[in-house]
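Read the structure below first, then the notes.
Throughout, protein chains are lettered first and strands after them, A, B, ... in sequence-line order, and every chain is numbered starting at 1. A quick note: this is a predicted structure, and the numbers were derived from the prediction, not measured.
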2 protein chains.
Amino acid sequence: MAPFYIEQEKFFLSVDCIILGFTKGKLYLLISKRRFEPLKDRDTLMGGFLRSGENLEEAVSRVLYEYTGIKDVYMEQVGTYGKINRDVGERVISVAYYALIDLELFDDELCKKHHARWEELDKIGELIFDHNQMVDDTIAILRSKAAIQPLGFNLLPEKFTLPQLQSLYEAIYQTTLDKRNFRKKILGMDFLEKQPDKDKSTSKRGAFYYRFNKEKYDQLCRKGYYFSL
Amino acid sequence: MAPFYIEQEKFFLSVDCIILGFTKGKLYLLISKRRFEPLKDRDTLMGGFLRSGENLEEAVSRVLYEYTGIKDVYMEQVGTYGKINRDVGERVISVAYYALIDLELFDDELCKKHHARWEELDKIGELIFDHNQMVDDTIAILRSKAAIQPLGFNLLPEKFTLPQLQSLYEAIYQTTLDKRNFRKKILGMDFLEKQPDKDKSTSKRGAFYYRFNKEKYDQLCRKGYYFSL
DNA sequence: GCAAAAGTGTTAGGTGTACACCCATGA
DNA sequence: TCATGGGTGTACACCTAACACTTTTGC
């Protein structure tokens, strides 16, 4: 490549990850302690600087793997934050991505190693820079997307129960849903597969497992079908 | 500021603008000819490099003003495009914003000066780099947002008629709407103010002008009201 | 046998959608 | 007077939301 743009300025670019997990009816955010100056040891999202050999998504995957030990995570761009003084060190433009992970796959050892912790989403304290804003923007996106796309399944294990799924939606929308209406709607969509076995960890009777069938869902979409709540 | 991050790499950052206008029942995109190498003279979105003294939105406003002569435009971030080889010159990470402008305010002289032109949205040819992708992403966002937020008014003059407004929504969603149902719904929302005068440019009878009352709309929102289509 | 969570149908009210005719005016 | 686009009301189907009791089983 010829140096076409030499007269232009260059900038530091980072990626920040809003890593969400779900368990026991609550959404959790992975928070870490910043490892370097400025603002060393303050609460921060997982992040890292972009390197010249990688795409944005690759940088996010790298950071994600480093902090969680998980690969192949569902992620989406939240937006880019570029205010001149957002970083108190030097000017850094940051691209935020959120990731939804299944907490059962999560490596607790890595968590300790990075001084990272899962914090309840509605009890998050002050994070550095504009990281709280990034979290808020993520929640807004999650709410609007989860209603029209089956995003939530990324936060659950492969096999999950309907009460679990319902409590996930209740956590996302901070509301309570009618059990009967919820089941009617979600089962009417025809892309959940009932499994023969039950989860007996939360009740004596046990709740049947279901599985999200992506093929069926995609097939329905191609026929002009629309998911909605 | 101390040089905290010296060991990190820096990148070129640009902003690209998807500028949309609406007139005569159709959406138009402002397209320009690239003024420098590489790919000089090819069709491109309006764009420019970020400078160290400005926020992202300021860079967009600068580019927008330069090409259209308009200030105070409604704009939103579309996303950030950072693939390693997206720019054939050198690596450039680009933040895309869309802007909705009222074509009546538009300066045709500037258009000619910049070899820019309004192209019908569904007749856009090949643009440089990933600019077609940016346009597609914009349309997707516009469709999902216009249904739940009164965005469309940014594309119309202050005073507009209901047939105009309806044809705007028809253009955004590539569909036809029932006149009676549309009027019932939109007037039921109570933030359109009927004006005493008519637009007689499209019919002999003339259509009453309306005005979008942002105060009323905000007030309704605060009461938990939700706009929807 | 009882506590605790899982599972199951019906109804009323509201919302979306389809549909056809009269009105005002300039030419 | 006629052609053109602006404006109006109703009926039906569908979807949503509210609601209470039975089942299973470990203790």
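- The only member of A/Tyr217, A/Tyr210, A/Phe160 that meets ring-ring contact (aromatic ring centres under 6.0 Å, His included) when paired with A/Phe153 is A/Phe160.
- Less than 4.0 Å separates DNA chain D from at least one heavy atom of each of the following residues of residues 157-178 of chain A: A/Asp178.
- Side chain of B/Asp199 to backbone of B/Ser201: a donor-acceptor contact under 3.5 angstrom is found.
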Below 3.5 Å, can you tabulate the donor-acceptor pairs from side chains in residues 169-176 of chain A to any protein atom, sequence neighbours excluded?
| from | atom 1 | to | atom 2 | distance (Å) |
| --- | --- | --- | --- | --- |
| A/Glu170 | OE2 | A/Gln166 | NE2 | 3.2 |
| A/Glu170 | OE2 | A/Leu177 | N | 2.8 |
| A/Tyr173 | OH | A/Arg143 | O | 2.5 |
| A/Tyr173 | OH | A/Ala147 | N | 2.9 |

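- Under the side chain to side chain contact (heavy atoms under 4.5 Å, CB included) rule, B/Leu100 has a single partner from B/Leu142, B/Val73, B/Leu27, B/Ile18, which is B/Leu142.
- A cation-pi contact, defined as under 6.0 Å to the ring centre and within 45° of the axis, links B/Lys71 to B/Tyr65.
- At distances below 3.5 Å, at least one donor-acceptor pair connects side-chain atoms of A/Asn213 with backbone N or O atoms of A/Lys216.
- Remark: B/Lys145 engages B/Tyr74, B/Glu76, B/Tyr98, B/Ile141, B/Gln149, B/Leu151 in a side-chain contact (heavy atoms from CB on, under 4.5 Å) (not counting sequence neighbours).
- Remark: the backbone N or O of B/Lys26 is not paired with any side-chain donor or acceptor of B/Glu120 at under 3.5 angstrom.
- Under the 4.5 Å side-chain criterion, counting only non-hydrogen atoms from C-beta, A/Gln164 is not in contact with A/Leu168.
- Tested against B/Phe22, the residues B/Ile101, B/Leu156, B/Leu103 include a single side chain to side chain contact (heavy atoms under 4.5 Å, CB included) partner, B/Leu156.
- Read 5' to 3', the first and last nucleotides of DNA chain D with an atom closer than 4.0 Å to a heavy atom of chain A are D/dT16 to D/dG26.
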Letter by letter from the 5' end, nucleotides 21-27 of chain C scores (B base, S sugar-phosphate only, - none; protein heavy atoms under 4.0 Å) --BBBB-
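- DNA chain D lies under 4.0 Å from at least one heavy atom of each of the following residues of residues 182-197 of chain A: A/Lys184, A/Lys185.
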